[in-house]
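Accompanying notes for the structure given below.
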Amino acid sequence: MDWNPGKIVVLTGAGVSAESGLGTFRDAGGVWTRYDLNEVATPEGFRRDPIKVHEFYNARRKNAAGAKPNAAHEALARLERDCPGEVVIITQNVDSLHEAAGTAAIHMHGRLDRATCASCGAVWDAPLEMHAADPCPECLEPATRPDVVWFGEVPRALDDIAGHLDTAAVFVAIGTSGQVHPAAGFVSEAKRAGAHTIEINLAPSDISELFHQRIEGPATQSVPLWVESLLNA
Ligand code: APR
């Protein structure tokens, strides 16, 4: 096959894991309709009540641990395996379903299955349940926290991500509402670099009009169809 679409950069959001049984944040019944994000997803909330924050993430970690990758995750793994062009997956999700499907992903908001120490910065594989009194395995301080990025904190790997967006031929956003920056601005950065931009979502998002192309439908149907069409272009 001498066809090469160039570098494909994929950004995923909670919608790609929705059909694996992991809730989204802003849909009906979503996580932020049931929890106050200021209490459970900010450094201030953690300082105020680390026990409540650990309970929130313990529940999400258990939910994620029991989830399986779905046809959308599998299709992206097929794309990474079979596409002659470079494929880069950036995810806002803290679950590890891309890894479970066999792809590496850049976790710009961190990972539920990792833990870190708020005192010394050590990072390790998170136990299924974490508690505020747990001592850090490195410095023994009771300052362990989920290795996720909270509101008001800086997302991870932004320099790498900027480099990928500057060299993308195709940028695809899958299952994200486009309400949280900097991820919501990635489509504009990719467009400035000349990329063809595609939004794959169940419904229109806040940034739909920024994309050249939209594919509407549940990710487990729309992503495999898109990958099939691309690989058999
Ligand atoms: N298939 C495709 N898209 C879906 C599906 C599905 N089955 N179900 C829901 N969606 C879409 C919704 O239409 C919505 O656009 O997924 C998106 C979910 O949006 P959010 O709940 O806002 O999730 P996300 O965009 O990932 O949130 C970004 O906000 O709270 C922070 O750190 C958190 O990473 C998260 C960030």
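Atoms considered below: every heavy atom in the structure, side chains included; atoms not considered: hydrogens, waters and symmetry mates. Since this is a predicted model, take the numbers as computed values, not measurements.
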Query raised in the report: Can Val170 and Val9 be said to form a side-chain contact (heavy atoms from CB on, under 4.5 Å), step by step?
Result: CA-CA 6 Å; Val170 180; Val9 177; over 6 Å; no
Query - NZ/NE/NH1/NH2 to OD/OE distance under 4.0 Å, Glu39 and Lys52 - result: yes
Report task. Say whether, by atom type as modelled, one donor and one acceptor occur between the side chain of Asn93 and the main chain of Gly13 under 3.5 angstrom. Result -> yes
**Report entry** Side-chain donor/acceptor of Ser17 to backbone N/O of Ser20, under 3.5 Å
**Finding:** no
Query raised in the report: Does atom CD1 of Ile51 have more than 12 heavy-atom neighbours, drawn from other residues, nucleotides or ligands, at distances under 6.0 Å?
Result: no
Requested in this report: On the 0 to 90° scale, with breaks at 30° and 60°, tag the Phe46-Trp150 ring pair as parallel, tilted or perpendicular.
Outcome: tilted
**Report entry** Member of Ile200, Asn201, Val223 meeting the side-chain contact (heavy atoms from CB on, under 4.5 Å) criterion with Ile215
**Finding:** Ile200
Query raised in the report: Is it true that a side-chain atom of Asn232 and a backbone atom of Glu228 form a donor plus acceptor pair closer than 3.5 Å?
Result: yes
Query - Trp124 vs Cys136 side-chain heavy atoms within contact, under 4.5 Å - result: yes
Query raised in the report: Under the 3.5 angstrom rule, does the side chain of Arg34 hit a backbone N or O of Gly29 as a donor-acceptor pair?
Result: yes
Query raised in the report: In terms of side-chain geometry, is the basic nitrogen of Arg111 or Glu99 positioned less than 4.0 Å from the acidic oxygen of its partner?
Result: yes
**Report entry** Evaluation steps, side-chain hydrogen bond (donor to acceptor under 3.5 Å, both in side chains), between Thr91 and Thr12
**Finding:** CA-CA 5 Å; Thr91 188; Thr12 62; 2.7 Å; yes
Report task. Test side-chain contact (heavy atoms from CB on, under 4.5 Å) on Trp226 and Gln221 and set out the steps. Result -> CA-CA 9 Å; Trp226 169 68; Gln221 294 166 31; over 6 Å; no
Requested in this report: Could you tell me how the ring of His196 sits relative to the ring of His212: parallel (under 30°), tilted (30 to 60°) or perpendicular (over 60°)?
Outcome: parallel
Report task. For Ile174 and Ala219, work out which heavy atoms get closest and say how close. Result -> CG2-CB, 4.5 Å
Query - Step-by-step ring-ring contact (aromatic ring centres under 6.0 Å, His included) determination, His73 to His98 - result: CA-CA 6 Å; His73 299 104; His98 285 303; 5.2 Å; yes
Query raised in the report: Should Arg114 and Asp125 count as an ion pair when the cut-off is N to O under 4.0 Å?
Result: yes
Report summary line: When rounded to the nearest 0.5 Å, the distance separating CG of Asp82 from CG of Leu230 is 11.0 Å
Requested in this report: For residues Ala75 and Pro224, report the shortest heavy-atom separation together with the two atoms involved.
Outcome: CB-CA, 3.7 Å
Query - Glu80 CD to Thr103 OG1 distance, which is reported to the nearest 0.5 Å - result: 5.5 Å
